[in-house]
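Pasting in a structure now, in structure tokens, and then I'll have a few things to ask.
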There are 2 protein chains.
Amino acid sequence: MKSEPHKVFEQLLNSKGLKVTKQRKDILDYLLKARKHVTPEDIYRDLNKKDANIGRATVFRTLHLLENAGFADKIQFADGRLAYEHKFARPHHDHMICVECSGVLEFSNATIEKIQDEISKKFLFKPLWHRHEIFGRCKKCNKMD
Amino acid sequence: MKSEPHKVFEQLLNSKGLKVTKQRKDILDYLLKARKHVTPEDIYRDLNKKDANIGRATVFRTLHLLENAGFADKIQFADGRLAYEHKFARPHHDHMICVECSGVLEFSNATIEKIQDEISKKFLFKPLWHRHEIFGRCKKCNKMD
DNA sequence: ATGATATTGAGAATCAGTCTCAATTATATA
DNA sequence: TATATAATTGAGACTGATTCTCAATATCAT
């Protein structure tokens with residue numbers, strides 16, 4: 001049986017006249033099962049380990065599709081590498097990113113969000129999305145100094 | 001006569017056993033005079049228009065140097081392009097970035113900064129720097145829709 | 001001025017991401 | 001189910017940004 005996210009994804013594809021392909025399902029699956037942020041290269045490598053072969057281009061194309069549909073979000077590590085996470089049944093949150101181990105902690109704060117909106121309004125700026133990342137050393141990496 | 005930032009920069013170089021070269025001074029100068037965020041390519045192009053020829057590698061090397069020393073900050077536009085600004089006599093601030101025209105507005109808010117610190121403390125995360133960018137449409141670009 | 005050392009620019013190399021295009025696959029409809 | 005149409009695919013060429021390599025050059029302490 002299909003999981004809810006797969007259903008929702010297929011609805012999106014149908015509504016746009018796009019096709020439900022094995023590759024698209026595999027990539028969504030991979031994101032759903034990942035316990036952490038994954039890079040496009042992770043997806044490419046791991047999916048090719050198994051049966052299917054899947055091109056790099058398809059990985060990027062599908063990630064953009066998911067991102068634009070609001071089903072995935074990306075973050076960027078301190079060295080510039082991009083990584084993705086799915087957004088199904090996950091409320092909005094921002095990240096603390098360890099500069100040593102690239103570990104990611106999540107946080108969210110209603111007051112910050114509210115102030116952001118007020119600031120935007122004051123500048124007549126229409127916010128579409130934001131990125132709030134705190135870079136530093138996580139508990140573990142901080143100990144080792 | 002030398003501006004204060006140049007003095008401070010040369011002190012840094014001396015303290016690290018690095019040399020004060022024409023290229024490094026030119027790049028700092030360029031950043032100090034720029035009225036907006038500039039890309040490495042801007043710097044490369046404009047400095048080569050004049051007398052000096054300066055390599056791309058040197059532009060990147062010097063920007064990293066300035067960034068690590070805390071004399072420059074970078075932001076990233078919606079399409080991923082990087083741009084730099086100097087930080088001399090400029091208090092900390094964050095950015096609103098227009099997804100249409102790449103225009104940048106600055107904001108800063110003490111309450112947000114305070115909450116960030118509290119959150120970090122709660123997670124035993126040692127914050128080093130942060131990036132808080134709101135992407136959207138500026139007043140001008142919003143009108144045109 | 002000299003010598004030790006850091007820095008430089010040119011161009012090769014790398015890397016992530018995009019593009020092109022012929023072959024393949026999904027889907028609507030007969 | 002077979003067929004027609006249009007979207008999708010993977011391979012590999014391409015791009016643009018950044019880094020690397022290295023011989024030539026510039027800085028600086030002496």
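Here is the naming used below: chain letters follow the sequence lines, and residue numbers restart at 1 for every chain. For clarity, every value in this text was computed on a predicted model and none was experimentally measured.
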Stretch residues 5-23 of chain A: residues that reach within less than 4.0 Å of DNA chain C through a heavy atom: A:Lys19, A:Val20

Fellow cluster residues of B:Leu124, listed by chain then number, with links counted only when side-chain atoms sit under 4.5 Å apart: none

Aromatic ring proximity B:Phe88/B:Phe71, centre distance under 6.0 Å: yes

side-chain hydrogen bond (donor to acceptor under 3.5 Å, both in side chains) involving A:Lys22 - partner list, sequence neighbours excluded: A:Asp26

Residues which pass salt bridge (charged side-chain N to carboxylate O under 4.0 Å, His left out) with A:Lys49, listed by chain and number, not counting sequence neighbours: A:Asp46

Of B:Glu85, B:Glu133, B:Glu67, the residue whose pairing with B:Lys74 passes salt bridge (charged side-chain N to carboxylate O under 4.0 Å, His left out): B:Glu67

is_close_aromatic(B:His93, B:His132), centroid dist under 6.0 Å: no

For B:Arg24, side-chain hydrogen bond (donor to acceptor under 3.5 Å, both in side chains) partners two or more places apart: none

Contact state string [nucleotides 11-18 of chain C, B base, S sugar-phosphate only, - no protein heavy atom under 4.0 Å]: ------BB

Close approaches to DNA chain D from residues 72-79 of chain A, in residue order (heavy atom, under 4.0 Å): none

Minimum heavy-atom distance B:Asp42-B:Tyr30, with the two atoms named: O-OH, 3.6 Å

Would you give me the side-chain donor-acceptor pairs under 3.5 Å for residues 11-18 of chain B, sequence neighbours excluded?
from, atom 1, to, atom 2, distance (Å)
B:Asn14, ND2, B:Glu10, O, 3.1
B:Ser15, OG, B:Leu12, O, 2.7

Parallel, tilted or perpendicular: ring planes of A:His95 versus A:His37, cut at 30 and 60 degrees: perpendicular

Boundaries of the DNA chain D segment in contact with chain A, non-hydrogen, under 4.0 Å: D:dA6 to D:dA11

A:Lys126, NZ: over 12 other non-hydrogen atoms inside 6.0 angstrom: no

Fellow cluster residues of B:Ile97, listed by chain then number, with links counted only when side-chain atoms sit under 4.5 Å apart: A:Leu128, A:Trp129, B:Ile75, B:Phe77, B:Val99, B:Val104, B:Phe135

Angle of first-five versus last-five pair axes in the helix from C:dA1-D:dT30 to C:dA30-D:dT1, to 10 degrees: 40°

Residues clustering with B:Phe60 (ILVMFWY side chains joined when closer than 4.5 Å, directly or via others): none

